[in-house]
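Hydrogens, waters and symmetry mates are skipped; everything else that's a heavy atom, side chains included, is used. When a ligand or atom number is given, it counts from 1 through the structure's own listing order.
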Amino acid sequence: MIASKSAIQELSFFVNGKWEKGRAEALHPVRNPASEEVIAEVPYAAAPEVDHAVRCAHEAFLKWREVPVVDRVQVLYRYKTLLEKHHEEVARILTRENGKTLDDAKASVRRAIQMVEVASGMPSLMMGDSLHDVAKDIDCHTIRQPLGVCAGISPFNFPVMVPMWMYPFAIACGNSFVLKPSEKVPMTAVRTAELLHEAGLPAGVYNVVHGGKEAVDALMAHPLVKAVSFVGSTPVAKYVYETAARHGKRVQALGGAKNHLIVTPGANLEKTVEAIIGSAFGAAGERCLAGSVLVPVGDVAGPLLELLIERTKAIKVGDGIEPDSGMGPLVTEDHCRRVTGYIEKGVAEGAVALLDGRRIGAGKGYFVGPTIFDNVTPEMTIAREEIFGPVLSVIRVKSVDEAIELVNRCPFGNTTSIFTNDGAAARRYAHRIEVGMVGVNIGVAAPMAFFPFAGWKASFFGDLHAHGKDAIAFYTEQKVIMTRWF
Ligand code: NAD
């Protein structure tokens, strides 16, 4: 639990239904990115603390797997009710530690609650198949059984929603779970663990350890951890995929992105610009589904950019907790420096800044305003690398086919959207594009909880995607039983 109710909260690990202090003396500061104030201090777990959490989770698993699934989901019903009750409170913690606007934070908590709702249907979702008389007097059926201890490692940008892509499904399937949230935003993980405990989950079924690489390495190497779910940047996703697989774990590792938004002549410009702004500048561009490259086809570029610049200028950048803020700060000072570094590189490589977010004024907070670059070429750094900030690069093309080639040359393949009134072009685009999640006249094509979520290529390492039916397959082992009675 949060040890101190003073302005700076001292966080602990949640293990076996109790709050435990870290063994290390040093605590690490968590800052409110809008004010730079230290709001919490977090301990980082080393291998012995991870081992303790995993062993407790394993003990809990041995009992939890015997609880009938209809009883397991009762906890999730109560958890959903508690999350609804504390929706605003959790969203406020999220805004304080992450920076995104309160409306955006609330929407992401809503998405998280939907994961709990879908996982509550586990009695139906976990059902197997059966067939009588597969041979004379022989019947066959399949069952799904939980794996054991599952581990989750999550990024800073969706501190409530991304962990809930994982643990409600894992737990409902009968597994126990150890979450290692992002050390940049550990506070919402603490509050949501308190609520899950309050919902009546038996001790040890859900555990939280904080930390960075050391904790992740210890989770991946632990013999009692059976599966690892990771969401974060591509280099770490690849490392986790390879390392956990080498240790014999089942792995799903969702990575970074570089998402293209295509606009054809004839698209509804009002609606398209609204969607582009939400996609590129919502959550200050800190979304794996954020539009990062705008690709106008033919002569739509002129009117599109004119309207886009006008509307983007109206975005108010400020503390996400203020009701009139349209965009909050970036998560940390380091990240802010990284994003401004990309803007500098864009200018140096010859792109034309139609809007330059560095000119936002030097006050407190890690703010970078919306930035739009025109005359970007596919070779430029800003067109190739994930920036993860409010920077939109415009690459003009002559045809939808040229756009398809451009997008398919990109090593990432998380999401893309096409804005058009041409159904045949939209169909061709959706069919030929080598990307995992495609939007047609939708700015952020985020699959809902009952559909699977993941990209292709360098945006995903593994086989089974997050949530949807894939989650049940990922968090269970399938068994085939053949029966004959004499
Ligand atoms: P990150 O890769 O830096 O960190 C993610 C997690 O990995 C954190 O818990 C962190 O503590 C841990 N970690 C960091 N370095 C590690 C290392 N060397 N070894 C082991 N563990 C390590 O990512 P981030 O900055 O927190 O999040 C932003 C990234 O996440 C972006 O690239 C974004 O595209 C991606 N993301 C992807 C999706 C998706 O669905 N594909 C969703 C959200 C975020």
Exercise for the section: For the residue pair Glu20 and Ser12, confirm or rule out a side-chain donor-acceptor distance under 3.5 Å. Expected result: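 The answer is no; no qualifying pair exists.
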
Run the numbers for me: atoms of ligand 1, each under 4.0 Å from some heavy atom of [X], listed by number.
| X | result |
| --- | --- |
| Ile153 | 6 (C), 7 (O), 9 (O) |
| Glu386 | 31 (C), 32 (O), 33 (C), 34 (O) |
| Asn157 | 43 (C), 44 (C) |
| Trp165 | 40 (O) |
| Val216 | 20 (C), 21 (N) |

With a 6.0 Å cut-off on the ring centroids, do [X] and [Y] count as close?
| X | Y | answer |
| --- | --- | --- |
| His467 | Phe451 | no |
| Phe453 | His465 | no |
| Tyr241 | Phe230 | no |

[X] to ligand 1, any heavy atom closer than 4.0 Å:
| X | result |
| --- | --- |
| Lys184 | yes |
| Phe230 | yes |
| Ser182 | yes |

Practice task
Ignoring hydrogens and angles, tell me if any N or O in the side chain of Arg191 forms a donor-acceptor pair with the backbone of Val90 under 3.5 Å.
Solution key: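 Here the side-chain-to-backbone pair does not exist.
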
Practice task
Kindly identify the option in Phe388, Phe412, Phe453 whose heavy atom sits closest to atom 28 (C) of ligand 1.
Solution key: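 Minimum heavy-atom distance to atom 28 (C) of ligand 1 goes to Phe388.
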
Exercise for the section: Quick one: list whatever passes side-chain hydrogen bond (donor to acceptor under 3.5 Å, both in side chains) with Glu242, sequence neighbours left out. Expected result: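 Lys238.
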
Exercise for the section: Sort and list the pairs that fulfil salt bridge (charged side-chain N to carboxylate O under 4.0 Å, His left out) and have at least one residue in residues 146-172, not counting sequence neighbours. Expected result: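 Not a single pair qualifies under salt bridge (charged side-chain N to carboxylate O under 4.0 Å, His left out).
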
Exercise for the section: Determine if the distance from atom 25 (O) of ligand 1 to the closest protein heavy atom is below 4.0 Å. Expected result: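 Looking at atom 25 (O) of ligand 1, one finds that a protein heavy atom does lie closer than 4.0 Å.
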
